[in-house]
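One structure below.
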Amino acid sequence: MPELPEVETVRRGLQPAMQDQKIICAEVNRPDLRWPFPPNMAQRLTGARVLRLWRRSKYILLDLDTQETLIVHLGMSGRMLVSGQQIGEFYQEHPAPEKHDHVVFHMENDTRVTFNDARRFGAMDLAPTAVVETHKMLASLGPEPLSNHLDDSYLAAALEGRNTPIKTALLDQRLIAGLGNIYVCEVLFRAKISPMRKAKNLSKMQVGTLVPIIRTVLEEAIEAGGSSLKDYRQTGGELGYFQHSFHVYDRESQSCKHVGCGGIIARVSQSGRSSFYCPTCQR
DNA sequence: ATGGGGGCCTGCCGGC
DNA sequence: TGCCGGCAGGCCCCCA
């Protein structure tokens, strides 16, 4: 799925179309995505104004003037495409409807936001704004990696005694929210830590190097508009280009990018997911 | 509590 | 060209 940088890129792209705008009509074309939509979702959205568009982990949150917040998760293949807006001299036409256009927001400013999700691993729900962070999907998320809540002492405590591989630990949204398979691979490469290394066996120094590396990797990826693999697109349909900066992800059998290393990137399966790493410099 | 595996869906790609 | 298996960025749930 889109990981944190992709979701943040989408959130930023939605801002000009939706911020402070009323949803004139919410078109809901099926009863569910991964789970059933909340009762009367179309009616509850129609006529509501978007007061704030924010993000928690990989969730996009739209606070409405109805005291409700729309929670959106893109799953693996979810896209939110904005059309009908002017970007410089360029006008983004409304596209013809496509397969898997499950929800379409018709906005007051004549833009349209189309949620398309082929695999339907995505989700949408409505919750009272006042308690949205206690929603089941958000309640047990760990700290935002780009916030001050993630620091050395937090991470050390979170990893302490964990028998699981560090790769699996960093993917655990309860420990840190927002990392996915790609960025965990990239983070461990930069930190020169093997994905198979047990979390509890990291040295204090290694834990200390992880925190700034996590931030840097995510910030660089956001700066690049995310990574475009398979299904992910920005709100204008553009490709992100961070994938050109991958050091290990999807680089099996290619040479390690650490100067003087000479290793060959390997791929292993860990709890059903591919890990890419350099066996020579990641220990 | 922790860790591992299956399942949810569709699309795409490589191999035969 | 066509079919089939394997794989995909996430997350929940069940089991040991």
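Just so we're on the same page: letters track the sequence lines, and every chain starts at 1. Side chains are part of it too, since the values below use all heavy atoms of this structure and drop only hydrogens, waters and symmetry mates.
Between the C1' atom of B:dC8 and the NE2 atom of A:H100 lies a distance of 15 Å, rounded to the nearest Å. The nearest whole Å value for the distance from the CD atom in A:E252 to the C1' atom in C:dC7 is 12 Å. Distance, A:Q173 CD to C:dC13 P: 15 Å, rounded to whole Å. Across the protein-nucleic acid pair, A:L74 atom CG and C:dG10 atom P stand 12 Å apart, rounded to whole Å. Between the P atom of C:dC7 and the CD1 atom of A:I182 lies a distance of 17 Å, rounded to the nearest Å. In this entry the distance linking CG of A:L4 with C1' of C:dC11 reads 16 Å, nearest Å. Remark: P of C:dG10 and CD1 of A:I176 are 14 Å apart, rounded to the nearest angstrom. Protein atom CE of A:M137 is 12 Å distant from nucleotide atom C1' of C:dC12, rounded to whole Å.
At a threshold of 4.5 Å between side-chain heavy atoms, the hydrophobic network of Ile, Leu, Val, Met, Phe, Trp and Tyr places A:L61 and A:M124 in two separate groups.
Summarising the geometry of A:L175 relative to A:A169, their closest heavy-atom pair is CD1-O, 3.4 Å, with the distance given to 0.1 Å.
A donor-acceptor contact shorter than 3.5 Å links the side chain of A:D65 to the backbone of A:R49.
The residues A:R79 and A:E98 are annotated as not salt-bridged, no charged nitrogen and carboxylate oxygen being separated by less than 4.0 angstrom. Ionic pairing of A:K136 and A:D125 is not present here: no N-O contact between side-chain nitrogen and carboxylate oxygen is shorter than 4.0 angstrom. A salt bridge is absent between A:K58 and A:E3: the closest approach of a Lys/Arg side-chain nitrogen to an acidic carboxylate oxygen does not fall below 4.0 angstrom.
Nearest nucleotide to the side chain of A:S274, out of C:dA8, B:dG11, C:dG10: C:dA8. Closest approach to the A:R34 side chain among B:dT10, B:dT2, B:dC8 is made by B:dC8 (side chain taken as heavy atoms from C-beta onward). Closest approach to the A:T164 side chain among B:dG3, B:dG7, B:dT10 is made by B:dG3 (side chain taken as heavy atoms from C-beta onward). Here the nucleotide nearest the side chain of A:R119, chosen from C:dC7, B:dG3, B:dC9, is B:dC9. In the set C:dG10, B:dG4, B:dC9, the nucleotide with an atom closest to the side chain of A:R120 is B:dC9. The side chain of A:N181 lies closest to C:dG10 when the candidates are C:dA8, B:dG3, C:dG10. You'll find that the side chain of A:K136 is closest to C:dC13, out of B:dG3, C:dC13, B:dG11.
The base of C:dA8 does not come close enough to the side chain of A:R273 for any donor and acceptor atom to sit less than 3.5 Å apart.
Within the 4.0 angstrom heavy-atom criterion, only backbone atoms of the sugar-phosphate kind lie near A:R267; the bases stay farther away. Using a 4.0 Å heavy-atom criterion, one finds that A:G180 contacts the sugar-phosphate atoms exclusively. Among the heavy atoms of the strands, none lies under 4.0 Å from A:T168. Within the nucleic acid shown, A:K99 comes within 4.0 Å of sugar-phosphate atoms alone, with no base atom in reach, counting heavy atoms only. Among the atoms of the strands shown, none is found under 4.0 Å from any heavy atom of A:D117.
Where A:L33 and A:Q270 meet DNA chain B, the nucleotide closest to each residue was compared, and A:Q270 sits on the side nearer the 5' end. Residue order along DNA chain B, read from the 5' end via each residue's closest nucleotide, puts A:R174 first among A:R174 and A:S271.
A cation-pi arrangement is present between A:R119 and A:F121, with the terminal nitrogen or guanidinium carbon under 6.0 Å from the aromatic centre and inside a 45° cone about the axis.
By the criterion of a centre-to-centre distance under 5.5 Å and near-parallel planes under 30°, the ring of A:F121 forms a stack with the base of B:dC8.
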Assess the residue pair A:T209 and A:K192 against the criterion (side chain to side chain contact (heavy atoms under 4.5 Å, CB included)); give the C-alpha distance rounded to whole Å, side-chain angles, the decisive distance to 0.1 Å, and a yes or no. CA-CA 10 Å; A:T209 62; A:K192 300 192 177 180; over 6 Å; no
Kindly indicate, with the supporting measurements, whether the criterion ring pair (Phe, Tyr, Trp, His ring centres under 6.0 Å) is fulfilled by A:Y183 and A:F242. CA-CA 11 Å; A:Y183 296 110; A:F242 188 74; 5.7 Å; yes
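Among the duplex regions that DNA chain B forms, those built from at least three successive Watson-Crick or G-U pairs under 3.5 Å are B:2-8 with C:10-16, B:10-16 with C:2-8, ordered by first number.
Put simply, A:H73 has no side-chain N or O that comes within less than 4.0 Å of OP1 or OP2 on C:dG10.
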